[in-house]
**Student:** 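The structure follows.
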Amino acid sequence: MNKLEDEVALISLLYSQIAPQPAEAKPRRRRKKNKGGENSLSGFKKRKLSQEQVDALELSFGNEHKLESEKKDRLASQLGLDPRQVAVWFQNRRARWKNKKLQEEFSKLRSVHDGVVLEKCRLESEVMKLKEKLCEAENEIQRLGERVDGPISSLTMEAMDTAFLGEFGGYEDVFYIPENGYNIHGMEWVNLFM
DNA sequence: CTTTTGCCCCATTTACATCA
DNA sequence: ATGATGTAAATGGGGCAAAA
């Protein structure tokens, strides 16, 4: 029901971890004089960059994800491109990089999450087993009590409970299982992650 | 202080390429 | 050949900060 909301929350959490690197030395932006002329990109059909151009851009991106104006101009003239094209390429490349990082982080987190869910299920089944044992022990006590001097009084039973349960006696909350989406019975939970 | 300018991010659109 | 789909190149708007 709120699965989508959960994912959105998770994505934005990841984003907040990846995107802003706050304590980063901010290289202040250089101001550039406008070269006045018309947009050289207008009126010409867009076409894929050549492999050589892409290789050079990738190489440059490997060094740094943001280009200073001078480097951008130099790279553009080296590759026979408009500086605007180089800037756009870097923007799109940063977006792709970020997306990839986000996906990597997401799958990492998901595998951790899966492990936690698995452990939770294991613990829950352990609790169930222990509860069964407790129940059997109580029944056994009752049987023994009846054999000794007839039906056991509720008062006596209460005393025995305390003796057996120790500090947990009477604390039903110990075995409380919250009514959230992960409260799945049997092995149904497995299907959620397949 | 206000405006202008340059850059960035983001969402979206556009132009191709590939495949059934 | 063609429509669906995917991807890279490009656009446009909004925000931020430096320069005018």
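Just so it is clear: chains get the letters A, B, ... in the order the sequence lines come, proteins before strands, and each one is counted from 1. Heavy-atom basis, side chains included; hydrogens, waters and symmetry copies ignored.
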**Student:** Taking CG from A:Asn99 and C1' from C:dA8, how many angstroms apart are they, rounded to a whole number?
**Tutor:**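 Taking atom C1' of C:dA8 as the reference, CG of A:Asn99 is at 14 Å.
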**Student:** According to a strict under-4.0 Å criterion, is A:Lys48 in side-chain N/O contact with OP1 or OP2 of C:dT7?
**Tutor:** no
**Student:** Locate the shortest heavy-atom distance separating A:Gln53 from A:Ser50; write the atom from each residue and the value.
**Tutor:** OE1-N, 2.8 Å
**Student:** Could you check how far NE2 of A:His65 sits from C1' of B:dC8, rounded to whole Å?
**Tutor:** 16 Å
**Student:** Give, ordered by number, those residues of residues 89-96 of chain A having at least one heavy-atom distance below 4.0 Å to an atom of DNA chain C; if nothing qualifies, reply none.
**Tutor:** A:Trp89, A:Asn92, A:Arg96
**Student:** Roughly how many Å is it from CD in A:Gln51 to P in C:dA8, rounded to a whole number?
**Tutor:**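 That distance rounds to 12 Å.
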**Student:** Tell me which nucleotide among B:dC9, C:dA8, C:dT11 gets nearest to the side chain of A:Lys66.
**Tutor:** B:dC9
**Student:** Would you please confirm or rule out a distance under 4.0 Å between OP1 or OP2 of B:dG6 and any side-chain N or O of A:Ser69?
**Tutor:** no
**Student:** Got a sec, which residues hit side-chain contact (heavy atoms from CB on, under 4.5 Å) with A:Glu64, two or more places apart in sequence or on another chain?
**Tutor:** A:Leu67, A:Lys71
**Student:** By nearest atom, which of the nucleotides B:dA17, C:dA10, B:dC8 is closest to the A:Val88 side chain?
**Tutor:**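 Selected nucleotide (nearest to the side chain): C:dA10.
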**Student:** Is A:Glu126 salt-bridged to A:Lys129, going by a charged N under 4.0 Å from an acidic O?
**Tutor:** no
**Student:** Taking only residues two or more places apart in sequence or in another chain, which ones pass salt bridge (charged side-chain N to carboxylate O under 4.0 Å, His left out) with A:Glu140?
**Tutor:**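 If we apply the salt bridge (charged side-chain N to carboxylate O under 4.0 Å, His left out) test to A:Glu140, skipping adjacent residues, the hits are A:Arg143.
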**Student:** Assess whether a salt bridge exists between A:Glu124 and A:Lys120, defined as any Lys/Arg side-chain N lying under 4.0 Å from an Asp/Glu carboxylate O.
**Tutor:** yes
**Student:** Side-chain contact test, heavy atoms from C-beta onward, threshold under 4.5 Å: evaluate it for A:Gln85 versus A:Phe90 and give yes or no.
**Tutor:**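 A side-chain contact is absent here, since even the closest heavy-atom pair is not under 4.5 Å.
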